2 protein chains.
Amino acid sequence: MSDSQPQGNETLPPEARTLAERVFQQLQDAIVRGELPAGTRITEPGLAQAYGISRGPLREAMRRLEVHRLIEREPHVGARVVRLSMRELLELFDVRESLESMAARLAARNMTTEEVESLRSVLGAHENQAGLDQGEAYYQREGDLDFHYLIARGSHNRMLMNMLCDDLYYLVRLYRTQYSARGARPQRAFVEHHRIVDAIAAGDEELAEMLMRRHITAARQTVAERYAMALDDGDGRAPISRRRMS
Amino acid sequence: MSDSQPQGNETLPPEARTLAERVFQQLQDAIVRGELPAGTRITEPGLAQAYGISRGPLREAMRRLEVHRLIEREPHVGARVVRLSMRELLELFDVRESLESMAARLAARNMTTEEVESLRSVLGAHENQAGLDQGEAYYQREGDLDFHYLIARGSHNRMLMNMLCDDLYYLVRLYRTQYSARGARPQRAFVEHHRIVDAIAAGDEELAEMLMRRHITAARQTVAERYAMALDDGDGRAPISRRRMS
DNA sequence: CAATTCAGCATTGTCGACACAGCTTGCATG
DNA sequence: CATGCAAGCTGTGTCGACAATGCTGAATTG
């Protein structure tokens, strides 16, 4: 896997920027990977000592995490890693449906042939991977997001791209670790991905938009049905698997 | 107990508790109002002294402004109030179209009768206001956003609501001050607003979504045509690049 | 024995100060 | 006279310390 790390920011100064920036990305990664489980209480002195920095940059990093909805803060009380409830997860799907269908429409309008080609190559790589151990599709977890990343970038809408890549997709990854959700229905997703790419390549905006909308709606449906019996509390908390990352 | 009137010290300001929060809101307001014009260079000691606080809380407020896309920061260089280019403005319209059409759909599904009623009352107030001095519709500038705010809230989708109310609508207000855009086509907008409310009241999700989409598309079209002769670069490059102040 | 109050502590909020980077300016030199 | 270089200055990045607030726990009292 080349980069499951999204290039959310615009330019490419990969190495040294500011300290707060690096800590922010490290924390972001640690959260979506599950190294910091949901509900973990984050104390500023603790993390500052853990990362070997002062509280100043760490506070700024936490501010950014808060705006990105990865941690929840309460004034004078503290911060905790977000615990995605089922309701918020379904809300996320609705927002994704709206944003990504627009991204698909714009991608069909603005994507260059090279971008379409790279999209096809990524899709082919995942297909081969899925052909090896079909059914499990472990790699599909990140591969699926690679696909959506490319379409978001292909929209050539910087604002839309930032919203999807910098905000929503981190929440998606967070959900997948918190619910330990393996990518369900891999073959169906593959077919849908192919059709979306075909529509984009053909420049059919309406079709691309509709297919993407159905794609995400179907995923939402699957998730909703899957957890329908497990948790029947519309507003309640999510039953997180309290497995530690060892 | 003490139900009558508690001490006026802290009634219920959920976010006015910390100093950084207040400064953030003050700065946010100052920017969208135009008191801090676009491109204004923001220096931390200057603003800190202006607001009578230290640099710590001000830095956190600036971080939040940065994430909300109201200021642009460059490491070791400084921060400036964003200058919305025409391209970014059109991008904003695309994002709004996608998000608000979904909000209208969800509002048609989830809005209570009380919410619909308040929506209608707001619309009626604006209509009377526009009846007084029709054509100018000064109030319509904020009134239009009131309308969209209520629909966003009516979606009962917290994530969608936060995205619209906390991020996009501030950018919309910022654009209106920067471009000194008076609300064009007021009567048409009124008609469209009424139809949207009717669709929402009727619970017609598809219709509400489509009408909202057309509503925003028409506004985008108007803006695009209006500035077509002033800056004519389609959607390739940003016509108003970030120029140096000097 | 239970409820309440108060003292102690941990953590967050805020502040002032130091270090480093980038820009400006003045001088020296070709 | 133009240009390169160096020194100063402005401003950001980072740090440690102090103050304020909320939580915890035990002791006391009805």
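All values below were derived from every heavy atom in this structure, side-chain atoms included, with hydrogens, water molecules and symmetry-related copies excluded. Order of the sequence lines sets the chain letters (A, B, ...), proteins ahead of strands, with each chain counted from 1. All values reported here derive from a predicted model rather than from experimental measurement.
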K.L.:
Mind calculating the distance between CD (A/E74) and C1' (D/dT21) to the nearest angstrom?
P.N.:
13 Å
K.L.:
Any ring-ring contact (aromatic ring centres under 6.0 Å, His included) involving residues 32-62 of chain A? Give me the pairs, sequence neighbours left out, ordered by first then second residue.
P.N.:
none
K.L.:
Applying side-chain contact (heavy atoms from CB on, under 4.5 Å), can you list everything that pairs with A/S98, at least two apart in sequence or on another chain?
P.N.:
B/S98, B/L99, B/M102
K.L.:
What residues form a side-chain contact (heavy atoms from CB on, under 4.5 Å) with A/V77, not counting sequence neighbours?
P.N.:
A/E74
K.L.:
Using whole Å, report how far CZ of A/R22 lies from P of D/dG13.
P.N.:
13 Å
K.L.:
Using salt bridge (charged side-chain N to carboxylate O under 4.0 Å, His left out) as the criterion, list what pairs up with B/E35, not counting sequence neighbours.
P.N.:
B/R33
K.L.:
Report the distance from atom CD1 of B/I71 to atom C1' of D/dT12, rounded to the nearest whole Å.
P.N.:
13 Å
K.L.:
Apply ring pair (Phe, Tyr, Trp, His ring centres under 6.0 Å) to B/Y170 and list each qualifying residue two or more places apart in sequence or on a separate chain.
P.N.:
none
K.L.:
Do any of residues 45-59 of chain A sit with a heavy atom less than 4.0 Å from DNA chain C, and if so which?
P.N.:
A/P45, A/R55, A/R59
K.L.:
What pairs meet the ring-ring contact (aromatic ring centres under 6.0 Å, His included) rule with one or both residues in residues 55-103 of chain A, with sequence neighbours excluded?
P.N.:
A/F24-A/H68
K.L.:
From NE2 of B/H76 over to C1' of D/dT10, roughly how many Å is that when rounded to an integer?
P.N.:
14 Å
K.L.:
How would you give the extent of chain B contacts on DNA chain C, as first and last nucleotide 5' to 3' within a 4.0 Å heavy-atom cut-off?
P.N.:
C/dT14 to C/dG22
K.L.:
Rounded to whole angstroms, how far apart are CZ on B/R73 and P on D/dG11?
P.N.:
16 Å
K.L.:
Sequence neighbours left out, what passes side-chain contact (heavy atoms from CB on, under 4.5 Å) with A/E60? Give chain and number order.
P.N.:
A/A20, B/R59, B/R63
K.L.:
Heavy-atom nearest nucleotide on DNA chain D for A/V77 versus B/R63: which residue maps closer to 5'?
P.N.:
B/R63
K.L.:
With the threshold set at 4.0 Å, does a side-chain nitrogen-carboxylate oxygen contact exist between A/R158 and B/E88?
P.N.:
yes
